[in-house]
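Worksheet: the structure to be examined is printed underneath.
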Amino acid sequence: MKEILSFFMKRFIIGLGVITFTVGSMLVANGQTELIGALIIGFITGLVFLGNMSMRLWRAADASAGNAKRQMLWGLVLRLLVLFMVLFAAVQISTQVFSMVALGFVLCYAWAMVLIIRMNSAK
């Protein structure tokens, strides 16, 4: 399991680096370097979202059906609450910051899902 997680994390970090470089380069080319921080906040939100989901799944695997369901529902509420708070704070700053935070979150989450799908289909 540790080998699989290590492989996943290596690919995930490399991919996030490439995505950050690509989007960051576009922002620099457009003269909007101040939005790179918002992109990174979106990535961090995505990482918290994925980490919480992974932890909850790990705990639910050893629980009874009722406890597992409660664990997953509570985790969903917490994840959505964190996402709502971050996006609400970003929209208070500006719509551009909101857009970059949302883009960072979606890119992080989508990249993780693509990697998981590819790893499962390669078996």
Side-chain donor-acceptor pairs under 3.5 Å in residues 31-43, sequence neighbours left out?
none

Just distance, no hydrogens or angles: give the donor-acceptor pairs under 3.5 Å from side chains in residues 15-29, sequence neighbours left out.
{"from": "Thr20", "atom 1": "OG1", "to": "Leu16", "atom 2": "O", "distance (Å)": "2.7"}
{"from": "Thr22", "atom 1": "OG1", "to": "Val18", "atom 2": "O", "distance (Å)": "2.8"}
{"from": "Ser25", "atom 1": "OG", "to": "Phe21", "atom 2": "O", "distance (Å)": "2.6"}

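Within a 6.0 Å radius of CZ in Arg11, other residues, nucleotides and ligands contribute 12 heavy atoms or fewer.
Using a 4.5 Å cut-off on side-chain heavy atoms (C-beta onward), Val114 and Arg118 make contact. Side chains of Arg70 and Leu73 form no contact here, defined as non-hydrogen atoms less than 4.5 Å apart. Side chains of Val86 and Phe105 form no contact here, defined as non-hydrogen atoms less than 4.5 Å apart. Within the 4.5 Å cutoff, no side-chain heavy atoms of Val82 are placed close to those of Phe49.
Through direct or indirect side-chain contacts shorter than 4.5 Å among Ile, Leu, Val, Met, Phe, Trp and Tyr, Trp74 is connected to Leu78.
In terms of hydrophobic clustering, with Ile, Leu, Val, Met, Phe, Trp and Tyr side chains grouped at heavy-atom distances under 4.5 Å, Leu47 and Leu80 are assigned to different clusters. Met119 is connected to Met113 through a chain of hydrophobic side-chain contacts under 4.5 Å among Ile, Leu, Val, Met, Phe, Trp and Tyr, so both are in one cluster. Cluster membership for Met55 and Leu83, using ILVMFWY side-chain heavy atoms within less than 4.5 angstrom, is not shared. Criterion: ILVMFWY side-chain heavy atoms under 4.5 Å apart, direct or through other members. Under it, Ile116 and Leu76 are not part of a common hydrophobic cluster.
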